[in-house]
Number of protein chains: 2
Amino acid sequence: MHRAHALAGQCLGAIAGEMGLAVPHNLSRHKGWVGQLLEQALGADAESLPEPDFRAIGVEMKTLPLDHNGKPCESTYVCAVPLDAGLEPSWEESWACRKLSRVLWLPVEAQPEIPLPERRIGTPLLWSPNDGEREALQQDWEELGEMIRMGELEFITARMGNVLQIRPKAAHSRVRCHSIGADGEAILTHPRGYYLRPAFTHAILRRHGLVP
Amino acid sequence: MHRAHALAGQCLGAIAGEMGLAVPHNLSRHKGWVGQLLEQALGADAESLPEPDFRAIGVEMKTLPLDHNGKPCESTYVCAVPLDAGLEPSWEESWACRKLSRVLWLPVEAQPEIPLPERRIGTPLLWSPNDGEREALQQDWEELGEMIRMGELEFITARMGNVLQIRPKAAHSRVRCHSIGADGEAILTHPRGYYLRPAFTHAILRRHGLVP
DNA sequence: GAGGATCCATGCGTGGATCCTG
DNA sequence: CAGGATCCACGCATGGATCCTC
C-alpha cells in the first residue's frame, strides 16, 4: 500500500520512464499494458501465473480506467468461466470468489483525449467485498452457474447478472473450447470469462469516497 | 510415399533452397530443424499438434540420423510419459503404441564432418511393427509402466528397457511437473519421454535392407 | 557410447485488459 | 452504451530432436 500510494498522482509516462519502458502510442494493440506496467511497478511476483499477483499476501491488482466523471469506462475481467470440469461446488470455493476476496484497485485516467503518457494514477484502494457486494456477486454467480449446469451455456448473454456478467474471452471469435452440453455430451463452444459491470466497480469507488 | 521417394538422394540444402528456407549453421540451436523441414516438404498438416503428422492417413514421420555405417546415431523420441492421470490401461491403448503404429522413417546422413546443407536423405520406409517388434515394445512398456504405478518413477533410469527407454524430456533439468508418488501423494518430478534405442531402429532398417 | 541435459517452434490457456459496432 | 470481439505477454505442454559429458 505504501508503494501504491506513492504511485498516486503520477502519470504513466513518468512511471514507465523510471522503469526504462517505452509507452505505446495507444492501447489498441497493447490492451494490457497499463495493468502490466503497474504490476511491475508494485513488484508483483506472479505475472502471468494462475496465482494472486502478490502471492504472499493474497492480493489481486486491477487497474480501473475512469472517464471524465470518475466512472469506470470498462468492465473488469475476473477469471475464465470453467466449462469443462464438473462445475464448482459453491461460491465460496469458486475461482471468481477467490479472485475477488482481496483486490487492490488502481484507478487510472482513461479519457481518450488525454495522451497515454499523461494519464494519472488515482488513490489506490485495497478492497474486499462487504456483505451487500458479496451477496450480489454470489447471486449472479449462482444463477449463471445454474444455467451452465442445465446445459444452457449457449443461451447466456452479457445482459444477465446484475453485477457479474459472462462475456466472450478469447483471441478471436473462431476460438473454441470443450464444454458439456445439455445431455452431458461434449460440445465445442466459445471460451468465456466473468466480468464485473462498470456500475459495480463505480459503486465500490463511491463507497470509499474515491470518486463523486 | 511418392513425395518421400522423390526426396531420397536429395541433400538438405537443395530441399531447403526449393522451399525458400535458410539452412542453420549447425543443429545445436536448431535440433528439430531437419525434422520440421522434411515434414513441411512432405506436406504434413499437423505440425506441433498432438496428432499424427499426416492426419488423414494416420502416419507419423520421423527422421533417423545415420552415422557413416548406416547406424542411427541417436535415439528416437516417441512421446511424453504420462505421469499425472491414472496410468494408461493397456499397451494397445497407450499413446506410445498409437504413435508407433505407422511410422514413415526418413534416414538422413548425420556424420558431423558433412556440412548440414550437403547431408542427403535416404530411402524412405513406411513401417509398422512386426510381431517381434511389437512384443519387445510392449514388454518394455509394461515393465516401465509397472514401476511408475508402484511409485518407483524416480528409480527409473535410461538403462532400463531393451528397445524402449525413459529419459528426461524438458527444456532443462530445473523443469518440474506433477506426478503421483508411491503413496498416491502428489509429487514434483522431471518430465520424461519414451525413446526408441538406436539398436532398435537400426534393426528396422536392416530388416528392410536399407542399411548394411 | 549413451544417459541425462538441453534447444527451438508452436498451440493453448490464463492474465493483463480495451476495442468497436449495432 | 455495452455486448460481443479482439489484442499482447507469457508459462506450460507437446512435437521436432541433438548435445555433451562422464
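- At a threshold of 4.0 angstrom between heavy atoms, the contacts of B:P191 with the nucleic acid are absent.
- Between the side chain of A:Y195 and the base of D:dA2, no donor-acceptor pair under 3.5 Å is found.
- Under the 3.5 Å distance criterion, with hydrogens and angles disregarded, no donor-acceptor pair is assigned to the side chains of A:T189 and A:R176.
- A salt bridge is defined here as a Lys NZ or Arg NE, NH1 or NH2 lying under 4.0 Å from an Asp or Glu carboxylate O, and B:E74 with B:R167 fails to meet this definition.
- For A:K62, whose side chain is taken as the heavy atoms from C-beta onward, the closest listed nucleotide among C:dA17, C:dT6, D:dG16 is C:dA17.
- Of the candidates D:dT6, C:dT18, C:dG16, the closest approach to any side-chain atom of A:S173 belongs to D:dT6.
- When rounded to the nearest whole Å, the span between CD of A:Q40 and P of C:dG15 equals 19 Å.
- Rounded to an integer number of Å, the gap from B:D67 CG to C:dG1 P is 8 Å.
- Residue contacts shown for A:G32 include a base, since a base heavy atom lies under 4.0 Å away.
- Rounded to whole Å, atom C1' of C:dT14 lies 6 Å from atom CH2 of A:W95.
- Spacing between atom CZ of A:R176 and atom P of C:dC12 amounts to 13 Å, rounded to whole angstrom units.
- The backbone N or O of B:R120 sits less than 3.5 Å from a side-chain atom of B:E109, completing a donor-acceptor pair.
- In this structure, the side chain of A:D140 engages the main chain of A:L164 through a donor-acceptor pair within 3.5 Å.
- Nucleic acid contact class of A:M61 (heavy atoms, under 4.0 Å, all strands): sugar-phosphate only.
- Residue contacts for B:A110: at a heavy-atom cut-off of 4.0 Å it reaches no nucleic acid atom on any strand shown.
- Here B:R29 lies in heavy-atom contact (under 4.0 Å) with sugar-phosphate atoms only.
- Taking atom CH2 of residue B:W33 and atom C1' of nucleotide D:dT18, one finds them 14 Å apart after rounding to whole Å.
- At the heavy-atom level, A:P65 lies under 4.0 Å from the strands shown only through sugar-phosphate atoms.
- Per the geometry, NZ belonging to A:K169 stands 11 Å off P belonging to C:dT18, to the nearest Å.
- Comparing C:dG3, D:dC19, D:dT14 by their closest approach to the side chain of B:A80 singles out D:dT14.
- Heavy atoms of A:T63 sit under 4.0 angstrom from primed sugar atoms or phosphate atoms, though from no base atom.
- Side-chain polar atoms of A:Q139 and A:E143 form a donor-acceptor pair below 3.5 angstrom.
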